[in-house]
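Beneath this line is the structure, given in structure tokens, with notes to follow.
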Amino acid sequence: MTTTTLPQPPGTLGERLRWALADGWTVTRRDLAHRARQPGMTVTDLLFPVMIMLMFGFLFGGAMAVPGGDYTEFLVPGVLALTMVFGVEATFTAISTDAARGITDRFRSLPMAPSAVVVGRCGADMLGAVVTLTAMVVAGLAIGWRWHGSLAAALAAFGLLLLLRLAMLWLGIYLGLVMRSPEAVMALQILVWPIGFLSNAFVAPGTMPGWLGTVTEWNPLSATAGAIRELFGNPAWAADSWLSQYAVLAAVAWPAVLIAVFCPLSIRRYRRLSY
Amino acid sequence: MSSPEPAIEANGLRKRYGDTAALDGFDLVVPAGTVHGLLGPNGAGKTTAVRILSTLLRPDSGTARVAGFDVVRAHQHVRYRIGLVGQHAAVDEVLSGRQNLVMFGRLYHLGTRAAERKADELLNRFRLTDAGNKPVKQYSGGMRRRLDLAVSLVLAPSVLFLDEPTTGLDPRARNEVWDEVRGLAATGTTVLLTTQYLEEADQLADAISVIDEGRVIAEGTPDELKRRIGADRIDVVVHDSVDLGRAADLLAKVAGAETTTDVDRRQVSAPVHDRMAALTELVRAFTDEGLAAEDVALRRPTLDEVFLRLTNHEKERAA
Ligand SMILES: Nc1ncnc2c1ncn2[C@@H]1O[C@H](COP(=O)(O)OP(=O)(O)OP(=O)(O)O)[C@@H](O)[C@H]1O
Ligand SMILES: [Mg+2]
């Protein structure tokens, strides 16, 4: 028998941290290898949000009058935030597919860092989000969207978008570990649409009937969209409510709360998977 | 007692799911370097036992040690020493076979070079070199199983768990897996194998535990168990049902056991101990008597028959 010398479980905290990062990176690389093997899927993933942006831009661009600017300027930040929320679907699908196929069990039977599956997922999805945002910004610039604030403000806006994606990541991981059936994937795919539309991504909450407007205001997606409009110097459409006064604060608080809830829940769930 | 520690040792494992007791006081001892068969019908608790022993599941109570380490308290140590092939092939469908092996090698904390070398070595050993760069999606069921097995052997584990490794494979692919298991056993790997087929356990295992409703109901070498359950059976089908009486008499004499008669199928059968001797003797006796048989067949008892026998034994003992 060829003997491979048996690696030892990491002992010191430093070693554990090193392995956690190395194992996480291995899992991220797996996702990159998936993309390399399925370039068509990556292109579809990119085209979808860009298409939504172009479609709404051309459909409503002429008809919608936005106080203090044009509709494209209002729309692009909204669709950027919307895309971050729709990312929950990608995370969910990846996690639940692995769990259903037994890959998660195999990972758990290996001496790898217990955090690697989620850290790796995190790396892959955040990289994906950066690529998506880049493509969308290019498409946005092409249809006439501009930012008017400082570079620092623009960077802060992208930071808020990625923060929202991170929150959706943890939500997606948790849901993916809890609901494993293919029907659940369908349900989620349908459910993200009302969340997307009951927001200020496409129209101002003020134009909606009272209670609907309130729901819309409180949608985390609206908080981020409102905040980045402010940071980009894009028109925000009627900013008289209490929430929209503190848009940036809300855009930090909402994801922070989601992460604080779903990160520990996911880790617990992963550790005790089918315990 | 100074005998070496067994490779697998379970004491009173219990695991409940709501109202069902998946494991209900499960005990097991597997000496190092042997192949042990865990034989049981659907829902007997085989997968649950394997999941606990391979650190995927925490038992409600009871203890288990694998490769010298406690599966709950020292699970990291256990994980470096075991390989697991689950009931369903758990490999990445999108990646190639080689990419799978390298990835899992990395996750076993081999260096990149070592992981790549190991991947090529295993691809070669499992005759997957040609398909090594194709996505697993394009593999046949047998190839997938072989890759699955290869992944579990990356670190040359001292204990290997195989959960129904041949279910759903055609006879050729099944034989390949069997050969591989025999090869591993020959190099000293301890193998715990679950199966629903008596024949598979008989072919591969040094010892068998029969499990039902989360508990071991019988244990022993294949020969011991076969003796307890009446070994093989011989079935004789006659041309004309009027011959059934004479056929039964002859069979009873040859087998030295009670026969059962199935009039609709014109068949008599009886358990036999020495299969080949019984068969030759029976054919000779039929020729001497001038009795013609339409069909004579030797067969292993089915798992159903084994369970009926074993559970009846249990009841008799309890009564
Ligand atoms: N996650 C679970 N939730 C609820 N019940 C479960 C779960 N896993 C197993 N069970 C139940 O525990 C019992 C034992 O299941 P187990 O999977 O160990 O059986 P098995 O011997 O592997 O069966 P099979 O031959 O079908 O694979 C069954 O009654 C099963 O329904
Ligand atoms: Mg099973």
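Proteins get letters first, then strands, A, B, ... in listed order; numbering begins at 1 in each.
Looking only at side-chain heavy atoms (C-beta outward), A/Arg108 and B/Thr55 stay at 4.5 Å or farther from each other.
Contacts between B/Val91 and chain A at a heavy-atom distance below 4.5 Å involve backbone atoms as well as side-chain atoms. Of the atoms belonging to B/Gln99, it is side-chain heavy atoms, and not backbone ones, that fall under 4.5 Å from chain A. Of the two parts of B/Pro59, neither the backbone nor the side chain holds a non-hydrogen atom closer than 4.5 Å to a non-hydrogen atom of chain A. When heavy atoms are compared at a cutoff of 4.5 Å, B/Gln87 does not approach chain A at all.
Put simply, the side chain of A/Arg37 never gets that close to the backbone of B/Leu95: no donor and acceptor are under 3.5 Å apart.
For A/Met55, the CE atom counts as densely surrounded, since its 6.0 Å shell holds more than 12 non-hydrogen atoms of other residues, nucleotides or ligands. Enclosure of atom CZ in B/Arg73 is not indicated, since only 12 or fewer non-hydrogen atoms of other residues, nucleotides or ligands lie within 6.0 angstrom. For B/Arg98, the CZ atom is densely surrounded, since the number of other residues' heavy atoms within 6.0 Å is greater than 12. Heavy-atom contacts from other residues, nucleotides or ligands closer than 6.0 Å to CD of B/Glu213 number 12 or fewer.
Separation of atoms CZ (A/Arg30) and CZ (B/Phe104) is listed at 7.0 Å; rounding is to 0.5 Å. Atom CG of B/Asn100 is separated from atom CD1 of A/Ile103 by 7.0 Å, given to the nearest 0.5 angstrom. Between the OG atom in A/Ser109 and the CG atom in B/Leu53 there is a gap of 13.0 Å [rounded to 0.5 Å]. Note: B/His109 NE2 to A/Leu110 CG = 9.0 Å, rounded to the nearest 0.5 Å. A distance of 11.5 Å separates CH2 of A/Trp25 from CZ of B/Arg106, quoted to the nearest 0.5 Å. How far CG of B/Leu56 is from CZ of A/Phe107: 13.0 Å, rounded to the nearest 0.5 Å.
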>> Go through it in stages, so that I can follow the logic: the residues are B/Asp148 and A/Arg106, the test is salt bridge (charged side-chain N to carboxylate O under 4.0 Å, His left out), and I'd like the CA-CA distance, side-chain angles, deciding distance and then a yes or no.
In response: CA-CA 10 Å; B/Asp148 209 22; A/Arg106 170 153 262 157; 2.5 Å; yes
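Looking at B/Asp92 and A/Arg101, no side-chain N of the basic residue comes within less than 4.0 Å of a carboxylate O on the acidic one, giving no salt bridge.
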